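Note that ligands are numbered from 1 as they come in the structure, with each ligand's atoms numbered from 1 the same way. Keep in mind the model is a prediction, meaning the values are calculated, not measured.
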Amino acid sequence: GKGLAVFTSGGDSQGMNAAVRSVVRMGIYLGCKVYFIREGYQGMVDGGDNIEEANWSSVSSIIHKGGTIIGSARCMDFIKREGRLKAACNLVTRGITNLVVIGGDGSLTGANLFRQEWSSLLDELLENNRITKDQREKYKYLHIAGMVGSIDNDFCGTDMTIGTDSALHRIIEAIDAIVSTAYSHQRTFIMEVMGRHCGYLAVVTALSSEADFVFIPEAPPSVDWKDKLCDNYLALVAALASEADQVFIPEDPVPNNWVEKLCKRLQQERRSGQRLNIIIVAEGAIDREGKPITAELVKKVVVENLKQDTRITVLGHVQRGGSPSAFDRILGCRMGAEAVMALMEATPETEACVVTLDGNQAVRLPLMDCVHRTKAVAKAMADKNWDLAVQLRGRS
Ligand code: ADP
């Protein structure tokens, strides 16, 4: 059978195990010899026990576990050609020419580069007598299928990345717990959630927790505090209900001081009998000069202006932890099966693909198109062109 290997790379997320399980079982079902590569690219470069044949039962009882049982790592060696040469040698000597990579845009970029170089890597290995002429001929094509594991939902081309839904469950559980205590004390709660370049978790959290305010990287208020921030919930709901790929807040040009705006809103809510206020801050929230709007800064504003009892909760890695939601388990299963199908159907001309979710369908898209779009979003954000970032991120 064909040699197929699966590995997880970059940051971990819930649902990766479901994807690994699905790849292994679908691969075996279709007659492949399936391998795990442990610790991401590092295991591919180091070889040895890191590359291990998987069987049907080696992926039993993992679907409910968070993180990734085969380990993930960042790997400097793979950035260099010498590392990729070692990796290629380890794959060829095991007859592996099909790779399923589960990771973020960095991991997918690395996989694509590896595929482009494959032929020249094999030539070099042959020259150095590290592989045989037969092996050079037999394993001359490398096929790649990717899946995106990330809790931030920060990848272009997919409605959801594997792990986002579970992270939302974690955040909502935490907010519900906090709300019950805040209610007793008439407090203001500021919750920082993950999302360095993508406000998806913050926006969905704000909507589902009746938050009073949300700060996200895509809609920064002006430095002179003149712009109105995204407290326009109707716009958010509309974005969510529409077919938006990822939620964004249309920039609202009404000039307004965000500090005033925030304070006025919190005061109004208290006057109308609300006993607590919730403010959600995305990890990457910034102002228009790119300066961070931190939970600490927001707290200072609330305490100085309103003298409200204000507490901060930074959820951190809790969001990545715990068991995957049903949605992420099914998402991982479906994407894993589709990735294996893509590899089995690949011809020498087939480009590397990434399996994404479009509507309720697992589909294959050209890997590099999605990576380029994702990188273009990051660049637009860095250039402070938020409108462009939002436009690029939307469904194409
Ligand atoms: P993520 O996949 O979550 O975006 P990273 O950007 O850290 O995480 O990438 C994970 C790993 O992928 C890196 O440690 C490196 O081994 C590999 N990688 C990333 N970018 C490249 C690249 N341009 N060339 C080769 N390998 C890369």
Using a 3.5 Å cut-off and no angle test, enumerate the donor-acceptor pairs between side-chain atoms of residues 377-385 and protein atoms at least two apart in sequence or in another chain.
from   : atom 1 : to     : atom 2 : distance (Å)
Lys379 : NZ     : Asp383 : OD2    : 2.7
Asn385 : OD1    : Leu388 : N      : 3.3

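Nearest protein heavy-atom neighbour of atom 24 (N) of ligand 1: Leu113 CD2, 3.7 Å. Looking only at protein heavy atoms, the nearest one to atom 14 (O) of ligand 1 is Cys75 N, 2.7 Å. The closest protein non-hydrogen atom to atom 23 (N) of ligand 1 is Thr109 CG2, 3.8 Å. In terms of protein heavy-atom proximity, atom 6 (O) of ligand 1 is nearest to Gly106 CA, 3.4 Å. Counting only heavy atoms of the protein, atom 11 (C) of ligand 1 lies nearest to Ser9 OG, 3.7 Å. With respect to atom 8 (O) of ligand 1, the closest heavy atom belonging to the protein is Arg74 NH1, 2.8 Å. For atom 10 (C) of ligand 1, the nearest protein heavy atom (residue, atom name, distance) is Ser107 OG, 3.4 Å.
Every side chain to side chain donor-acceptor pair (under 3.5 Å) that Glu52 has, sequence neighbours left out, goes to Arg38.
Below 3.5 Å of separation, one finds an N or O of Gly104 facing an N or O of ligand 1.
Ligand-side atoms of ligand 1 in range of Gly11: 3 (O), range being under 4.0 angstrom from any heavy atom. Counting atoms of ligand 1 from 1 in the listed order, those under 4.0 Å from a heavy atom of Gly10 are 3 (O), 8 (O).
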Intermediate values then yes/no, salt bridge (charged side-chain N to carboxylate O under 4.0 Å, His left out), Glu173 and Arg170: CA-CA 5 Å; Glu173 279 160 12; Arg170 275 320 80 72; 3.5 Å; yes
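At a heavy-atom cutoff of 4.0 Å, ligand 1 is contacted by both the backbone and the side chain of Asp105. Heavy atoms of Tyr41 found under 4.0 angstrom from ligand 1 belong exclusively to the side chain.
With 3.5 Å as the limit, one finds a donor-acceptor pair spanning the side chains of Thr8 and Thr68. For Thr350 and Thr347, the side-chain atoms include at least one donor-acceptor pair closer than 3.5 Å. Using modelled atom types and a 3.5 Å distance limit, the side chains of Asp165 and Gln14 yield no donor-acceptor pair.
A donor-acceptor distance shorter than 3.5 angstrom exists from the side chain of Ser208 to the backbone of Val204, with no hydrogens or angles considered.
Using a cutoff of 4.0 Å between basic side-chain nitrogens and carboxylate oxygens, Lys86 and Asp46 are not scored as salt-bridged.
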